[in-house]
Amino acid sequence: QEGYAAEMERTFIAIKPDGVQRALISEIISRFERKGFKLVAIKIVIPSKDFAEKHYHDLKERPFFNGLCDFLSSGPVLAMVWEGEGVIKYGRKLIGATDPQKSEPGTIRGDLAVVVGRNIIHGSDGPETAKDEINLWFKPEELVTYALNAEKWTY
Ligand code: RTP
């Protein structure tokens, strides 16, 4: 398909502290990149506990909430925004089921993780959470707009 949509869908993807410590950054980025999605923001940060609680506010009532927030704030997280047609839903597909015991081989969690508490990556689960999470983790000026030449071979 010719041309390039300026208002392309975006999602928030984070490699959690376990993924960073296990040296899986390039492996994970590579899967999104080879698919044809475009990286429009990236940074490495150690989130505070308070920030982690904001990120996971939807899970406040769950028994694992406190442990999960301790874990997310325990070390560097690679925060990213990826752009592309269907990137929210397909990003979740690349990531695989929440519990790595249930994720299919070929997915990031299926191939690279073993237990739900150490499932190495996060991806927004819908358009509203994508918008909220991008706004929480990034300032507008940290998102870069550019054309990828390879897009003419992808779309
Ligand atoms: P994510 O947001 O991280 O992509 O994960 P998800 O939507 O697939 O799963 P969600 O239910 O939103 O849970 C968020 C994260 O909480 C941890 N978790 N631990 N039973 C447990 O101990 C448990 N269940 C979930 C996981 O790290 C999950 O990714």
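What's counted below: heavy atoms across the whole structure, side chains too, no hydrogens, waters or symmetry copies. Numbers here are sequence positions counted from 1. Every number for a ligand or one of its atoms is a count from 1 in the order of the listing.
With hydrogens and angles left out, the side-chain atoms of Asn66 and Lys49 include a donor and acceptor closer than 3.5 Å.
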Under 3.5 Å: N or O atoms of ligand 1 paired with protein N or O:
{"from": "ligand 1", "atom 1": "2 (O)", "to": "His122", "atom 2": "ND1", "distance (Å)": "2.9"}
{"from": "ligand 1", "atom 1": "3 (O)", "to": "Lys16", "atom 2": "NZ", "distance (Å)": "3.3"}
{"from": "ligand 1", "atom 1": "3 (O)", "to": "His122", "atom 2": "ND1", "distance (Å)": "3.1"}
{"from": "ligand 1", "atom 1": "4 (O)", "to": "Arg92", "atom 2": "NH1", "distance (Å)": "3.3"}
{"from": "ligand 1", "atom 1": "4 (O)", "to": "Arg109", "atom 2": "NH2", "distance (Å)": "3.2"}
{"from": "ligand 1", "atom 1": "4 (O)", "to": "His122", "atom 2": "ND1", "distance (Å)": "3.4"}
{"from": "ligand 1", "atom 1": "4 (O)", "to": "Gly123", "atom 2": "N", "distance (Å)": "3.3"}
{"from": "ligand 1", "atom 1": "7 (O)", "to": "Arg92", "atom 2": "NH1", "distance (Å)": "3.2"}
{"from": "ligand 1", "atom 1": "7 (O)", "to": "Arg92", "atom 2": "NH2", "distance (Å)": "3.3"}
{"from": "ligand 1", "atom 1": "8 (O)", "to": "Thr98", "atom 2": "OG1", "distance (Å)": "2.2"}
{"from": "ligand 1", "atom 1": "9 (O)", "to": "Thr98", "atom 2": "OG1", "distance (Å)": "3.3"}
{"from": "ligand 1", "atom 1": "27 (O)", "to": "Lys16", "atom 2": "NZ", "distance (Å)": "2.9"}
{"from": "ligand 1", "atom 1": "27 (O)", "to": "Val116", "atom 2": "O", "distance (Å)": "3.3"}
{"from": "ligand 1", "atom 1": "27 (O)", "to": "Asn119", "atom 2": "OD1", "distance (Å)": "3.2"}
{"from": "ligand 1", "atom 1": "29 (O)", "to": "Lys16", "atom 2": "NZ", "distance (Å)": "3.0"}
{"from": "ligand 1", "atom 1": "29 (O)", "to": "Asn119", "atom 2": "ND2", "distance (Å)": "2.8"}

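Taking the six-membered ring for Trp, Trp82 and Phe12 have ring centres at least 6.0 Å apart.
Checked against side-chain hydrogen bond (donor to acceptor under 3.5 Å, both in side chains), Glu133 has the following partners two or more places apart in sequence or in another chain: His122, Ser124. Judged as a side-chain contact (heavy atoms from CB on, under 4.5 Å), and not counting sequence neighbours, the contacts of Gln101 are Asp99, Val114.
Tested against Ser30, the residues Arg34, Glu33, Glu27 include a single side-chain hydrogen bond (donor to acceptor under 3.5 Å, both in side chains) partner, Arg34.
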Show me the donor-acceptor pairs within less than 3.5 Å that the side chains of residues 91-98 make with the rest of the protein, sequence neighbours left out.
{"from": "Arg92", "atom 1": "NH1", "to": "Gly123", "atom 2": "O", "distance (Å)": "2.9"}

